[in-house]
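Because only heavy atoms are used, hydrogens play no part in the values below, and waters and symmetry mates are left out as well, while side chains stay in.
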Amino acid sequence: MAALLLLSISFPNVYAQPSTAQPLDSIRYNGTVLVRGEEAPSSFHLIEAVNYVVDVMAEIGDMGYYPLEEGNITYNAVLVNGTNVTFVLKDLSNVSRPANGTDNLTGYALVGPFLVKASSDKILQISILSKRRPTVELLEAKVDGEAVAMIRGSESRGSWVSSLDGWIFEVNWTNEGDLSEVLVFKNNTILSFNGIIKPLASEVELEGPVDPYTYTKLAIQDGKVSLLAYGSSVNLTVTNRLPIREFLGIYALSDRKYLVRVDRVGSSTYTILSQDRCDTCIVDGLTFVSDPSFSLDIGLDAPSEGIGGTSIEVSVDPGDASNLTLLLPGGRSVFLRNKGFKYLLKVGLPLPKTEIVVPIYLTGFSSDGIYGIEREMKILKAYDIRLLNRSRVFLVGGRGDLHILALNVGPTPLSLIEARLNLTTKRGDVLSLKFPLSIQLQGNESQRILLPLSLPVGDYRGTLEIYVEDSSGEVHTISLGDISVVSTSENPLNALIAISPDLPSVGDRVEIKVTFTTMVPISKILIAVNSSDELEPVNDTSKLVKDLPEGSTRELTFTFRAASVGPAVVKVVIYYSIEGEASERIYTKEIKIPIGGISGRALVEISKRQVYVGEQVRLKIRVEDLSGNVTVEFPAKMSILEAKGRIRGNSVEFVAPGEIEVVGSFSERGVYTIPTYISVNGSLLIPSNTVTVKVEGKSGQESLEKSLRSRLADLRRRFKTLKEASGGLDPQVKEKMSEIEGMLEEAKRLINLASYGKASEILNRAEAEISSLEEYTYSSLDELMNSLIYFLIGVGMTSAILLAIRLRRRPEHGS
């Protein structure tokens with residue numbers, strides 16, 4: 001197709017010069033006609049359309065050379081071999097010698113884009129037209145004489161060549177592609193040429209391709225230069241219906257063939273003129289006068305109805321019009337020239353969302369006036385794209401699917417080639433997601449399509465566009481607007497389980513109340529409560545709920561009987577479906593219910609009943625009136641940070657009778673009962689009381705960090721006091737103090753790195769070491785203080801004895 005790049009097509013001027021049959025200052029018309037332009041009275045109907053030009057390039061046969069109807073400097077013929085077509089340039093030009101040249105044996109010939117310098121029988125130099133223009137200033141020039149010009153800043157002399165109607169300026173060149181000649185016409189138009197070769201031969205075949213030619217041959221004979229150049233070959237399709245899209249092919253009629261090109265040439269605004277609206281009117285400066293007696297013998301044949309997305313045949317007979325403009329459904333205009341035959345066009349219909357009636361306009365132009373025909377056509381809905389999700393699409397955990405149903409109710413196949421989801425966030429950010437599709441739908445067929453989505457948590461609004469290609473190759477766009485997408489956290493469902501009574505005994509009636517809340521609409525909900533053998537069901541252990549709207553809460557109660565002593569395990573399983581998801585989801589929650597059966601007392605005390613996630617809470621648990629190994633289990637979401645007992649996961653062991661202190665924190669918000677259960681020697685012990693802790697939803701990491709930093713500050717304070725108190729002690733104590741100081745620095749570093757678990761372990765070790773040194777240091781200081789006191793007492797007694805002796809001797813030295 002590269003050969004065709006220089007064959008440009010523009011939208012032609014359809015208005016021919018008026019004949020004497022109509023006024024020179026106006027154009028007469030009849031019927032409903034199309035006029036290109038938009039400067040018209042506001043009451044007129046305007047239509048925007050994409051323009052296509054059908055260019056009949058040549059009448060051809062099965063084999064041989066055929067001239068182009070409108071050749072140019074690049075190509076003027078085609079070589080046909082079946083469906084293989086090669087564009088060709090054939091040219092012949094006389095060698096013309098400069099009028100004032102000193103060498104009368106040398107002249108120039110311009111053949112196609114090539115400028116050839118030649119003698120009478122030899123080609124001396126070949127150059128090709130350049131797209132670049134050098135800076136040229138013509139200083140003086142004389143027709144049939146010399147000229148002087150500044151070319152690229154240097155003065156150069158040129159000679160007049162009459163056949164070229166201009167002056168040739170030669171430029172010294174050595175490398176292929178260098179500037180070799182400049183041709184300045186009388187009207188100051190400038191062409192420049194780049195040198196190719198200096199062959200000094202009568203016949204030259206240029207080696208290799210010379211853009212845009214793959215083969216070039218030049219020869220000189222009898223003072224004339226001939227050119228034969230071939231462009232690229234293309235294998236074309238043969239059709240008897242011209243498509244309204246970019247096309248190059250062979251249009252075959254019953255007894256003739258034509259090389260035809262269809263080009264898209266921008267868009268235009270058309271004004272619809274009709275006699276009931278306009279007797280005399282002006283559009284874009286042209287005056288149009290209605291003449292009911294005027295007509296042209298043009299014909300338009302189109303079906304009265306068609307299925308959207310399919311193709312129809314439209315026949316246009318040019319009659320006695322010089323050219324025609326056809327306006328088709330879907331906003332497409334087609335320009336046709338009268339070539340003496342009817343045009344049969346293959347027209348793809350748009351895809352309407354509902355059944356519509358559209359007009360087809362044909363306007364014929366001649367030197368006597370313009371004449372228009374209008375036809376109406378009903379377009380039936382053929383393809384349908386439906387969003388199976390509701391108006392709000394929920395993505396749980398940021399992931400989900402758009403469910404689309406594509407239906408083809410027409411007779412011809414179609415292809416779904418791409419989907420695009422354009423979303424806008426609440427902040428105004430725009431996201432565009434593309435989904436390549438390769439789905440073929442035959443006539444009267446449907447298919448469900450899943451478009452996988454993965455989006456950050458948030459609310460989005462947008463539109464979905466589906467690109468559909470019909471059987472003619474035309475692409476249509478179907479838009480589904482106002483789609484709401486809600487991306488939520490991973491768990492959209494949350495359940496709370498309440499037990500009544502809190503601490504049942506064997507034989508008690510136990511009610512398990514399940515309260516669940518959903519952040520998204522859910523349906524087909526099955527709630528099942530399964531228990532271990534310690535509980536026996538009294539009624540149904542499963543219940544069905546049809547659906548639950550977004551943000552709603554539902555409460556269900558299940559009844560059991562406490563059958564035996566021990567921690568009964570209750571597992572709540574909720575099966576549910578989220579709209580738009582194909583698979584079923586499952587939510588599970590498990591609790592333990594202590595069922596009492598042994599004597600003894602267990603008392604629970606707590607420092608706080610309302611804390612934040614990650615905040616520390618202190619507990620005391622005392623077991624009395626029995627002896628043995630005690631195991632206290634705490635909720636699964638509670639982490640045990642410290643305990644005066646043996647820690648095993650989320651439980652603590654100690655020996656009864658006795659008391660333990662526990663420091664812990666919670667990782668998730670909720671309401672927790674402490675302890676989960678207490679067992680002595682493997683048997684359940686019902687505590688005299690339980691405590692309930694409400695955990696608020698603060699960032700667990702933030703609270704834990706705050707707690708660790710507070711603990712680090714407390715240990716630093718104790719360390720500083722200890723360091724001051726142990727200044728005079730032995731070197732071993734000082735060495736241990738240095739180790740503790742390193743531990744505190746390492747704990748600080750780990751907290752800064754958010755490595756809270758390791759930081760907590762180091763702080764535990766540091767606290768143990770500080771406590772041990774505090775005991776050692778302060779006991780050593782006590783012994784030192786006692787010695788000092790004894791010393792001071794001893795010194796005091798000695799001084800008192802000496803003083804008494806002196807006082808006793810004093811009278812002897814009296815008078």
### Query
Should Lys434 and Glu465 count as an ion pair when the cut-off is N to O under 4.0 Å?
no

#### Entry: Contact summary for Tyr460 and Ser487, nearest pair of heavy atoms
CE1-CB, 4.3 Å

### Message
Using the rule given for side chain to side chain donor-acceptor pair (under 3.5 Å), can you reason through Arg709 versus Asn752, listing the C-alpha separation, both sets of side-chain angles and the distance that settles it, and then say yes or no?
### Response
CA-CA 10 Å; Arg709 290 191 185 279; Asn752 292 336; 2.8 Å; yes

### Query
Can you tell me how far the CD1 atom of Ile497 sits from the CD1 atom of Ile591, to the nearest 0.5 Å?
4.5 Å

### Query
Under the side chain to side chain donor-acceptor pair (under 3.5 Å) criterion, do Asn629 and Arg646 qualify, and how do the steps go?
CA-CA 11 Å; Asn629 296 319; Arg646 185 174 183 180; over 6 Å; no

### Message
Using 0.5 Å steps for rounding, measure from the CD1 atom of Ile740 to the CZ atom of Arg716.
### Response
12.5 Å

### Task
With side chain to side chain donor-acceptor pair (under 3.5 Å) as the test, would you mind laying out the steps for Asn494 and Thr517 before giving the verdict?
CA-CA 5 Å; Asn494 186 41; Thr517 304; over 6 Å; no

### Task
Decide whether a cation-pi geometry holds between Lys543 and Phe558; the criteria are a distance under 6.0 Å from NZ or CZ to the six-membered ring centre and an angle within 45° of the ring axis.
yes

### Message
For Arg618, is there an ion pair with Glu605 - N to carboxylate O distance below 4.0 angstrom?
### Response
no

### Query
Is any NZ, NE, NH1 or NH2 atom of the basic residue among Arg622 and Glu661 found under 4.0 Å from an Asp or Glu carboxylate oxygen of the other?
no

#### Entry: OG-CD distance between Ser564 and Glu534, expressed to the nearest 0.5 angstrom
4.5 Å

### Task
Answer yes when Arg648 and Glu653 have at least one side-chain N-carboxylate O distance shorter than 4.0 Å, and no when they do not.
yes

### Centroid-centroid under 6.0 Å between Tyr587 and Tyr576 rings
no

### Task
For Arg561, look at atom CZ and say whether over 12 heavy atoms of other residues, nucleotides or ligands are found less than 6.0 Å away.
yes

### Task
Nearest 0.5 Å please: distance from the CD atom of Glu633 over to the CD1 atom of Ile678.
11.0 Å

#### Entry: Side-chain ion pair, Lys571 and Glu590, N-O less than 4.0 Å
no

## Note on the structure
Correct closest heavy-atom pair for Arg609 and Val691 would be NH2-CG1, 3.5 Å

### Query
Judged by atom type as modelled, is there a donor-acceptor pair below 3.5 Å linking the side chain of Thr721 to the main-chain atoms of Arg717?
yes

### Message
Under a plain distance cut-off of 3.5 Å, with no hydrogens placed, do Ser500 and Glu511 share a side-chain donor-acceptor pair?
### Response
no

### Message
I'd like to know whether Lys546 forms a side-chain contact (heavy atoms from CB on, under 4.5 Å) with Lys524, so could you lay out the CA-CA distance, the side-chain angles of the two residues, the decisive distance to 0.1 Å, and finally the verdict.
### Response
CA-CA 5 Å; Lys546 184 178 180 182; Lys524 302 175 184 176; over 6 Å; no

### Task
Determine, step by step, whether Ser415 and Gln440 satisfy the side chain to side chain donor-acceptor pair (under 3.5 Å) criterion, reporting the C-alpha distance in whole Å, the side-chain angles of both residues, the deciding distance to 0.1 Å, and the verdict.
CA-CA 5 Å; Ser415 301; Gln440 305 290 326; 2.8 Å; yes

### Task
Examine distances only and state if a side-chain atom of Lys589 and a backbone atom of Ala495 form a donor-acceptor pair shorter than 3.5 Å.
yes

### Summary
Closest heavy-atom pair, Val569 versus Lys592, reported as atoms and distance to 0.1 Å, is CG2-CG, 4.3 Å

### Query
Does Lys748 pair with Glu746 as a salt bridge, N-O distance under 4.0 Å?
no

### Query
Where the side chain of Ser771 meets the backbone of Glu767, is there a donor-acceptor pair that is under 3.5 Å apart?
yes

### Test side-chain contact (heavy atoms from CB on, under 4.5 Å) applied to Lys736 and Leu773, step by step
CA-CA 8 Å; Lys736 184 62 73 174; Leu773 282 180; 3.5 Å; yes

